[in-house]
Structure formats: structure tokens, C-alpha cells
Amino acid sequence: MTFDTPINRFGTHSVKWDSMEAFYGVPAKDGIAMWVADMDFRPPTCVQAALEGMIAHGVYGYYGDDAAYLDAVRWWMQTRHGWSVERDQIFTTHGLVNGTAMCVDAFTKPGDGVVLFTPIYHAFARVIKGAGRQVVECKLANVNGRYEMDFTAWDAQMTGNETMLILCSPHNPGGRVWTHAELQGVADFCTRHKLLLVSDEIHHDLVMPGQKHTVMTAIPGISERLVMMTATTKTFNIAGAHSGNVIIADPKLRARFAERMNAMGISPNSFGMFMATAAYSAEGAAWVDQLCAYLDGNAKIFNAGINQIPGLNSMPLEATYLAWVDFAGTGMAQSEFIDRVQKQAKIASNHGTPFGAGGESFLRFNLATPRAVVVEAVQRLQAAFADLQ
């Protein structure tokens, strides 16, 4: 597998490439898509082989006997994260946006406050608002271009109406790998304010060399109010399978979630189950290690090039493949720096405002693409802001 191989995704119903002109005005002819968080890489061959086996069989019926799937999930979590999971703790949802929506539905009621440490993955707020709950934005502290938690400020914000916190760990879009001490602070915060904690750890495998992700289950004192969310989809670039896991150790919380799953009639997609079972394997693990080394190289090139532009700052990337670039130092209005990126550099990137309070001066760039594309993007951005050099 070489991640340098270019793959033409135009005309394949790729939202990232086929929709960038409609969303951002970036022309398909010579634009670069760096927004939607999927990768321009093929998954490991074991995943492809699993699909080819399904196709060779040629019958696409309901999926049954999920023991191999559940054991693959258990093996991965134990082997890669030191986390022991039992079969009956695992629920399979249609991706983790659906998993988030199910958690909001199962564990909160209309009007409740749901806490987000912003800026944060934009779909969370959309789901919360859509369910008739209140988004409570607790703004992360930007300390010298790196996000830190500010529990003193957040304690003062709580009103008693809040019932849930959705944590992004590792953090999207800031790329932070939260420390054990920070996660203990989150657990204590939830205990103080009687919040259920939903820990979205979809990026937990995409951690840069030298960094170590800590699963929330390793933090003392939180298990009775903890819901974990994980997926193969981000790790192995199979997001179109829309398959994710909500993993709940506490029996009472598990029973409540099972009730809502049954009420909604949710059952898994067989394609996602076959792909995930194949991915969570020794071959999949070796591929992920190679991927993270490649992404680290892309991030180093991107950040070095961006941080040479006066007024721009790309946050150090500890995890994910999503660069979070602050344009505040340029003194430009949001509309101006967005125009330069989209019209001059012809790059489609995520605008920061939908990520919530603190995101207004940022753009998010997807670096999970062949290195030559990253190099080209850096050159275009340097040219678009050449007057600042």
C-alpha cells in the first residue's frame, strides 16, 4: 500500500469532491477538496477482500450471528487501547452522528442543556438542536495556539439545567490528545454537575507518533455515567458504511439505550459489519500504523508551510488528520480570508463558525490525501497570502 497513489474521486458520488463547487464555489476542474473528513486512500486489502467475498457470494440478506464482529471489536479495543469490552456492552448504530442522536434521545429530555467544549465537531450541535435540547457552549482556552480546558470558567456557566456532556477525544478540530489529568478533570466536572458523559473517541486510532490516547474508561469515578462511542469508519476510511459502536458498561444505562434502539427499529448494515470485522485485525493494525506515520509527515509539511505565512497559525497536530488554522493574526475579516482560500487558492476547507464559539477565525483542512496534494495546497495558500510575506 502506498498512500502517495493519486485516486480520482470525481464522479464517484464523493461528497468531498463532487460537491465542493456547489458548497464553496471551488471549481472541480482545478480545485482541491480539503473539507469533509474522509481520506483519499483505499482501505487495507483485508477490507477490500471482505467486500469481494460478499460480492462473490452474491446474496445480500440480513446480517446474523454477530459473534465474530463483536469479538473483533473486543480484540481491537483490548489490543490497541488496553480496554476490556464485553459483547453485551456493544451496540451498533448507523455511524456516530446517529449514535450521538441516539444518546441525546435516550438520556436527555426536551429543553435539557447539553454541554459542548467548543470549538467542536459541528454535527453535535446540529443533533442537539434538532432534538429540541439546548446547546451549552463551554469555550476551550486557546493558550499559545493550543487548546486547554478551563473548568473554573465552565463551573461558573452551569445552571443545573444541563444533563449531558459530549466530549470529543481526541479533539476535532483542534487535534488535541487529552492527557490523563485533563480527562480526570472532565470526569470530576461531570460528577460535580451530575452530567452523563458521552465520549466520542472516533479518532482514537489516528494518533501521531509519540502521542498516547487514553480511553475514558481508564479514568476512575466515571463508569456509572459514561457512554463510549467508537468506529472503524474514520480509522479505515469506510465512512460510507455508516457503522459505529456505542459501548456502555453500566447496566442501567445500557438498558435505557437498548430500549431506545428497539423503539427506533435500528439494526446494522451487513456491509459495515463485514468491513469492520476484517479491519479490526492484525493486518488492519499494521495498515493503521503506516497510515499514522504518513499523516504525521503530511502534517509536518502543512504546518511548516502555513506557519511561515505571517498572521496564520496551524495548531500542532497530536491526533486526527484535520489541520485547524487560525487566521486571526492577519487582521482580516472572515469573508476576506475565506475568499482568498476559496477563490485564489481554490481550496475547499471547512469554515470555523459551525464548530461553535471560538471557531470564528479558523478554517479546517483535511490532510488525509497524497503528499503531493498537501504540498500543492501549501504552495497555493502561500501564494494567496503572498502580500503578507
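None of the values given here were measured: they were computed from a predicted structure.
- Side-chain contact between I347 and L381: present, with at least one pair of heavy atoms (C-beta onward) separated by less than 4.5 Å.
- Taking the six-membered ring where the residue is Trp, F365 and F302 present tilted rings, their angle falling between 30° and 60°.
- Within a 6.0 Å sphere centred on NE2 of H242, other residues, nucleotides and ligands contribute 12 heavy atoms or fewer.
- Residue V177 shares its hydrophobic cluster (ILVMFWY side chains chained together at separations under 4.5 Å) with V207.
- Put simply, the side chain of N172 reaches to within 4.5 Å of the side chain of L322, judged on heavy atoms.
- Within the 4.5 Å cutoff, no side-chain heavy atoms of L317 are placed close to those of K300.
- In the model, E283 has a side-chain atom that pairs as donor or acceptor with a side-chain atom of T45 under 3.5 Å.
- Remark: aromatic rings of Y69 and Y280 are distant, center separation not under 6.0 Å.
- Of the options D105, D112, T163, T108, a side-chain hydrogen bond (donor to acceptor under 3.5 Å, both in side chains) to R133 is made by T108 and by none of the others.
- The distance from the CD atom of Q89 to the CG atom of D250 is 10.0 Å, given to the nearest 0.5 Å.
- Proximity of the aromatic rings of W35 and F23 is defined here by a centroid distance below 6.0 angstrom, and this criterion is met.
- The six-membered or imidazole ring of Y294 lies near that of F41, with a centre-to-centre distance under 6.0 Å.
- Between F117 and H171, the distance separating the two ring centers is not shorter than 6.0 angstrom.
- With sequence neighbours excluded, the residues that form a ring-ring contact (aromatic ring centres under 6.0 Å, His included) with Y60 are F271.
- Between F385 and F327, the gap from one ring centroid to the other is short of 6.0 Å.
- A salt bridge does not link D30 with R380: none of the charged nitrogens is closer than 4.0 Å to a carboxylate oxygen.
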Item to complete: Output, in order, the C-alpha distance, side-chain angles, deciding distance and verdict of salt bridge (charged side-chain N to carboxylate O under 4.0 Å, His left out) for E86 and R254.
Response: CA-CA 12 Å; E86 300 303 323; R254 195 161 65 237; over 6 Å; no
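- Within 6.0 Å of CD in E224 there are 12 or fewer heavy atoms belonging to other residues, nucleotides or ligands.
- No option in M261, M229, M102 other than M261 meets the side chain to side chain contact (heavy atoms under 4.5 Å, CB included) test with F91.
- Residues W76 and F236 bring their aromatic ring centres within 6.0 Å.
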